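For reference, the structure discussed in these notes is given below.
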Number of protein chains: 2
Amino acid sequence: MIRPTPAPRATFQEQVLDQLGRDICAGRYRPGEVLPSETELCERFHFSRIVIREAVKSLAAKGMLDVRRKVGTLVQDPAQWNLFDPDIITWRTQSSGVDRTMSRDLMELRRIVEPAAARLAAQRATPEDRRNLRAAYDAMVCAVAGEGDYVAADLAFHTLVLSAGGNQFVRQMHVAMNAILRGSFEIVSQKPGGPAFSLPMHEALCRAIEQGDAAAAERASLVLIDQADHDLLERLDLGG
Amino acid sequence: MIRPTPAPRATFQEQVLDQLGRDICAGRYRPGEVLPSETELCERFHFSRIVIREAVKSLAAKGMLDVRRKVGTLVQDPAQWNLFDPDIITWRTQSSGVDRTMSRDLMELRRIVEPAAARLAAQRATPEDRRNLRAAYDAMVCAVAGEGDYVAADLAFHTLVLSAGGNQFVRQMHVAMNAILRGSFEIVSQKPGGPAFSLPMHEALCRAIEQGDAAAAERASLVLIDQADHDLLERLDLGG
DNA sequence: GGTCGGTTATTTGTATGACGTATTACTTTT
DNA sequence: AAAAGTAATACGTCATACAAATAACCGACC
């Protein structure tokens, strides 16, 4: 379901944006370097200046580039990038396959945010949130039974947990979180009995949020994270 | 030190970008609405299409707009915006003066992230990080003694705490965090003896990180947050 | 010799006019 | 009434030209 290349007939700007974004995330242009001049990029891509300029502007808006007259467009230090930007996350995960540092940072982020999000969800989830969460859990059960995509169902469940607390900044992190969750769930789904084993704790988390039990929700979330970290570290130590 | 209007001779695109960003954050264009067409915006701003288009592209890159052929450019739902984008944070804080929901969400975010960041900092800060942190604390002491800007010094200190853990995603949140910290510190700095009162707990946090005592760092951070929340809630209840 | 000041070259910024293209909405036909 | 065709519309792209900022160079003067 992932589309490695840009949509077949996206606009030219989108194609250039995607290519440059990938190039930078893959390190083909390094921080501090200057990109080729607009005219040179025009020649390379065989597009007009407008197309190149608007792509560059988009990357600058994401904090990846700093464009200055007479000097050119500089690649910014990754600390300046909008790391929660969905495009940047996509490019980074596709290019370097989520490098070791990013994996560690994302695992830490999850451990910091998800239990707190579960707490908030238990305290504040609306009836609709609770229904959606239960529906997402049911979809996971179906997936385990062979009906549907397990990884997608698990991702949807965790995204809902982040949303249900009603905190806009917590919800915003779901794209970044998905990057590490996906890796984790793919490992689980490849283990014989992996998905089935993870179901009970998801059920516990779902029930705790439904019943408004913040402490139980936080505990359940932490157990899931312990399991996931165990799986991921195993894979990382093997040089995955 | 805050510049309410765009820099006097910024490029035209930057002026338009800034104006449109402000307009959207202030609710003068609501989610789901379509912006005026490019030609109409040209007339309003008295700039050429290129200027308008590049400004719109930048906003689209930040997730605020969705531009479609034949239909126009739609204002996206705030859930789609890159809420951690520095520009968006600036526009939101300047336009609505940090509304109640945003304040609540930022306070929660701080309570979730900062104690964990303090933990990480205690565990992993480099010698340079520790020196910088101590220097920032010393600057706060000077500010309390009348030498310098207390709010700026306090902001710098907390930014360093977020950075010292070495987690790129945690560090990235410092701009959002500053939005709520600034409000908090301004209250403190207006209270007689407020800054002086807050110094000892900052010292404790600084020392805990220097000594690698993660639990103490987390505790100190939480105490500071309790104090800040108390101040902020007091102000909010007064309809601030 | 070194510093100051002006000149030049390079790179992005802006303007204009024209045409391409996707998509909605309307109209016509069956 | 449904389907097919058509027209209108708003963004997408191109080519060219010139403006403006600024880094780098060079010469004059102290």
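Side chains are part of it too, since the values below use all heavy atoms of this structure and drop only hydrogens, waters and symmetry mates. The structure presented is a predicted model; accordingly, all values stated were derived computationally and were not measured. Below, chains carry the letters A, B, ... as their sequence lines are ordered, and counting in each starts from 1.
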TODO: Could you tell me which non-hydrogen atom of B:L83 sits nearest to which non-hydrogen atom of B:I89, and how far apart they are?
DONE: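 Heavy-atom minimum between the residues: O-CG1, 3.3 Å.
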- [ ] Locate the shortest heavy-atom distance separating B:N82 from B:I88; write the atom from each residue and the value.
- [x]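 Looking at all heavy atoms of both residues, the closest pair is O-CD1, 3.5 Å.
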Open item on the list: Applying the ring pair (Phe, Tyr, Trp, His ring centres under 6.0 Å) criterion to A:H202, which one of A:F157, A:Y137, A:Y150 satisfies it?
Closed with: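 For A:H202, the ring pair (Phe, Tyr, Trp, His ring centres under 6.0 Å) test succeeds with only one of A:F157, A:Y137, A:Y150, which is A:F157.
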Task: Plane angle bin for A:F185 and A:H158 - parallel if under 30°, tilted between 30 and 60°, otherwise perpendicular - done: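 Answer is tilted, since the angle falls between 30° and 60°.
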Rounded to whole Å, how long is the line connecting atom [atom1] of [X] with atom [atom2] of [N]?
X: A:F12; N: D:dG12; atom1: CZ; atom2: C1'; value: 9 Å
X: B:E43; N: D:dA10; atom1: CD; atom2: P; value: 12 Å
X: A:E38; N: D:dC14; atom1: CD; atom2: P; value: 14 Å
X: B:E14; N: D:dA20; atom1: CD; atom2: P; value: 17 Å

Open item on the list: I want to check something: taking the side chain as every heavy atom from C-beta on, are B:V151 and B:L155 in contact at a cut-off of under 4.5 Å?
Closed with: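 The answer is yes, as the side chains (C-beta and beyond) meet within the 4.5 Å cut-off.
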- [ ] For DNA chain C, find the residues of residues 61-74 of chain B with a heavy-atom distance under 4.0 Å and give them by number; none if there aren't any.
- [x]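 Residues of residues 61-74 of chain B under 4.0 Å from DNA chain C: B:R69, B:K70.
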Task: Boundaries of the chain B footprint along DNA chain C (any atom under 4.0 Å from a heavy atom) - done: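 The protein-touched segment is C:dG13 to C:dT24.
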Open item on the list: Quick check: on DNA chain D, is the nucleotide nearest B:T39 upstream (toward 5') of the one nearest A:H46, or the reverse? Name the residue that is more 5'.
Closed with: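 Nearer the 5' end of the strand: B:T39.
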Open item on the list: For A:R49 and B:L35, find the nucleotide of DNA chain D closest to each by heavy atoms; which residue's nucleotide sits nearer the 5' end?
Closed with: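 Here B:L35 is the residue nearer the 5' end.
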